[in-house]
Amino acid sequence: MLDPALLRNRLDEVAERLASRGFEFPRARFEQLEAQRKALQSDTQALQAQRNARSRAIGQAKAAGQDTAPLMAEIAGLGERLQASEAALAELQQQLHDLAANLPNLPDQGVPEGRSEADNAEIKRWGEPRSFDFRARDHVELGERNGWLDGDTAARMSGARFTVLRGGLARLHRALAQFMLDLHTGEHGYLECNVPVLVHGHSLYGTGQLPKFEEDLFAIEGEERRYLIPTSEVPLTNIVRERIVEAGELPLRMSAHSMCFRSEAGSYGRDTRGMIRQHQFEKVELVSIVGGQDSAAELERMTGCAETVLEKLGLPYRRMLLCTGDMGFAAARTYDLEVWLPSQQTWREISSCSNCGDFQARRLQARWRNPDTGKPELVHTLNGSGVAVGRALVAVMENGQNADGTITIPEVLRPYMGGLALLS
RNA sequence: GGAAGCGUGGCCGAGUGGUUGAAGGCACCGGUCUUGAAAACCGGCAAGGGGCAACCCUUCGUGAGUUCGAAUCUCACCGCUUCCGCCA
């Protein structure tokens, strides 16, 4: 949610910055609603003030033992007028709120303008894509040869975009998640969390997936509707929902390994082969809650933590600064990490780290107490993948493959594989 | 699933339908005192919204209702606690 004061006072700037990310602000409608709201609100409050004053007078008269009948007669009809006014105001405010809830965050200064991923800026590159002296196989081919990776069996029980993993590959997948979580909690200062994967709609509203992107989610109907989380950013960030955090608790850094569920509506035909795009996948997530003055530096730090994962695994990657048109709804600034996939001869997203500023915090009413002022202020929230486990598995397989179809296990994972160095 | 109880500010906790946005305490901030600190004492201290401002409005789990007036009365819902049943 954008700062409502910004909408009222600096509409030109807001509209312009939203336009830079390809969002057309419904300006005429907003201005009309806002003008009506202003008039109706002051009318309503005048009526409320009148009612309060009269009721107080009746109370005083009664206490003094005077006759209250004339005062009562004076406010006859006030109640109905007030009720009508309040109802109309509530309706208007609902419309304004609905409009505001669908506005994406403003891009930070310094985010390159652009319409699609083609306009993203490459910030850095690490590692050297390996050159093969044999035909490099893709992860599906590598996996199916040994029955490690089985999409057909998964399709029979669950449909498309699911996978069954077996044996050493299943273990390697688990090893990756363990390694990442250990790294972030042991060396990067994140608090290990285990969180619900089923959440209420209001939690998804808080992080910005609702109301606009309901079709991307799996919903569970029961006595109460719940949703499967698309990322543990949702539960981790909702930990501070409607809380006032003490300054000494910040920065609050949390990490979780969880299942993630996405309907992938609208991506028919894309990445249908293998494990790149699944309805159900695992991810180690990083979330930071900080004071507003620290969020820019925290984004750099967080992105560095995600990069460390890839570096320790020996996976070549590049860091991209997303352009205005390619950022997510809640993000003000986003870095994507893209890992090299030999089979596709291209870079594929494996992590996305975003600074959401106070956008989510305003929806969540998540605040901290600023010791300088003694007043509560909205926190800034950041989230990043540290990193996607399924895609990391794909990258390890493809980059670590040998001519005979075996896979060399990165050294940092061997302790999690019982010392095994080669998957064969 | 059955029974009982409870939801009040950052926290704890009072609150007979009428200047109660809410006593008291803790925490926090400022001051006096002190070599310094602690203690003691004095003062301040909820959030959100509207207005240049004076000031006004809203909020006591949520939503409806009764009333001139609701933290207080009624109903429904939600959440929490305890006991019983079931259960990994």
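Chain naming here is simple, since letters A, B, ... match the order of the sequence lines and numbering starts at 1 in each.
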Could you give the distance separating [M] and [N] at their [atom1] atoms, to the nearest angstrom?
| N | M | atom1 | answer |
| --- | --- | --- | --- |
| C42(B) | C60(B) | P | 33 Å |
| C75(B) | C80(B) | P | 23 Å |
| A71(B) | G15(B) | C1' | 8 Å |
| U58(B) | U19(B) | P | 15 Å |
| G48(B) | G21(B) | C1' | 13 Å |
| A38(B) | U32(B) | P | 14 Å |
| U34(B) | G44(B) | C1' | 23 Å |
| C11(B) | U82(B) | C1' | 24 Å |

Look through every strand shown and name the nucleotide pairing with [N] as Watson-Crick or G-U wobble, where both distances are under 3.5 Å.
| N | value |
| --- | --- |
| G69(B) | none |
| U19(B) | none |
| U35(B) | none |
| C28(B) | G44(B) |
| C83(B) | G2(B) |
| U74(B) | A64(B) |

Would you check, one step at a time, whether the test salt bridge (Lys or Arg N to Asp or Glu O under 4.0 Å) holds for E117(A) with R348(A)? CA-CA 12 Å; E117(A) 61 181 305; R348(A) 290 302 304 253; over 6 Å; no

Interface residues of residues 28-35 of chain A with RNA chain B (non-hydrogen, below 4.0 angstrom):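 Heavy-atom contacts with RNA chain B come from no residue of residues 28-35 of chain A; none.
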
Residues in contact with RNA chain B, drawn from residues 43-58 of chain A - heavy-atom cutoff 4.0 Å: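 Those residues whose heavy atoms fall under 4.0 Å from RNA chain B, taken from residues 43-58 of chain A in numerical order, are Q45(A), Q48(A), A49(A), R51(A), N52(A), S55(A), I58(A).
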
Any base atoms under 4.0 Å from [X], or only sugar-phosphate, or nothing? Heavy atoms, all strands.
| X | answer |
| --- | --- |
| R362(A) | nothing |
| R367(A) | sugar-phosphate |
| E246(A) | nothing |
| P376(A) | sugar-phosphate |

Quick one: which residue pairs count as a ring-ring contact (aromatic ring centres under 6.0 Å, His included) with a foot in residues 353-396 of chain A, not counting sequence neighbours?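 Sorted pair list: F329(A)-F359(A).
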
Show, in sequence, the C-alpha distance, side-chain angles and deciding distance for E31(A) and R27(A), and conclude whether the salt bridge (Lys or Arg N to Asp or Glu O under 4.0 Å) test is met. CA-CA 6 Å; E31(A) 283 179 326; R27(A) 184 166 187 149; 3.5 Å; yes

Under the rule for ring pair (Phe, Tyr, Trp, His ring centres under 6.0 Å), what residues qualify as partners of F261(A), not counting sequence neighbours?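 Checked F261(A) against ring pair (Phe, Tyr, Trp, His ring centres under 6.0 Å); zero matches.
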
R363(A) to Y205(A) six-membered ring, cation-pi geometry met (6.0 Å, 45°):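 Yes - R363(A) lies over the ring of Y205(A), closer than 6.0 Å to its centre and within 45° of its axis.
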
Is the phosphate of G51(B) approached by K38(A) (side-chain N or O, under 4.0 Å from OP1 or OP2)?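 Checking K38(A) against G51(B): at least one side-chain N or O falls below 4.0 Å of OP1 or OP2.
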
Specify the separation, in whole Å, of atom CD of E249(A) and atom C1' of C11(B).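 Value for this atom pair: 13 Å.
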
Taking only Lys NZ, Arg NE, NH1 and NH2, and the carboxylate oxygens of Asp or Glu, determine whether R166(A) and D150(A) approach each other closer than 4.0 Å.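 Counted as a salt bridge, because a side-chain N and a carboxylate O are separated by less than 4.0 Å.
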
Euclidean distance, E144(A) CD relative to L169(A) CG, rounded to 0.5 Å: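 Answer rounded to 0.5 Å: 11.5 Å.
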
Per Q41(A) side chain, nearest of listed nucleotides C68(B), G10(B), G49(B):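 Given the options C68(B), G10(B), G49(B), the side chain of Q41(A) is closest to G49(B).
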
Could you list all the side chain to side chain donor-acceptor pair (under 3.5 Å) pairs where at least one residue sits in residues 410-424 of chain A, not counting sequence neighbours?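 Counting only pairs at least two positions apart or across chains, the side chain to side chain donor-acceptor pair (under 3.5 Å) contacts touching residues 410-424 of chain A are D182(A)-Y416(A).
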
Salt bridge (charged side-chain N to carboxylate O under 4.0 Å, His left out): which pairs involve residues 300-309 of chain A, sequence neighbours left out?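 Every salt bridge (charged side-chain N to carboxylate O under 4.0 Å, His left out) pair that includes a residue of residues 300-309 of chain A, provided the two are not neighbours, is K124(A)-E307(A), E300(A)-R319(A), E307(A)-R319(A).
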
Locate the shortest heavy-atom distance separating S385(A) from I350(A); write the atom from each residue and the value.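 So the two residues come closest at CB-O, 4.2 Å.
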
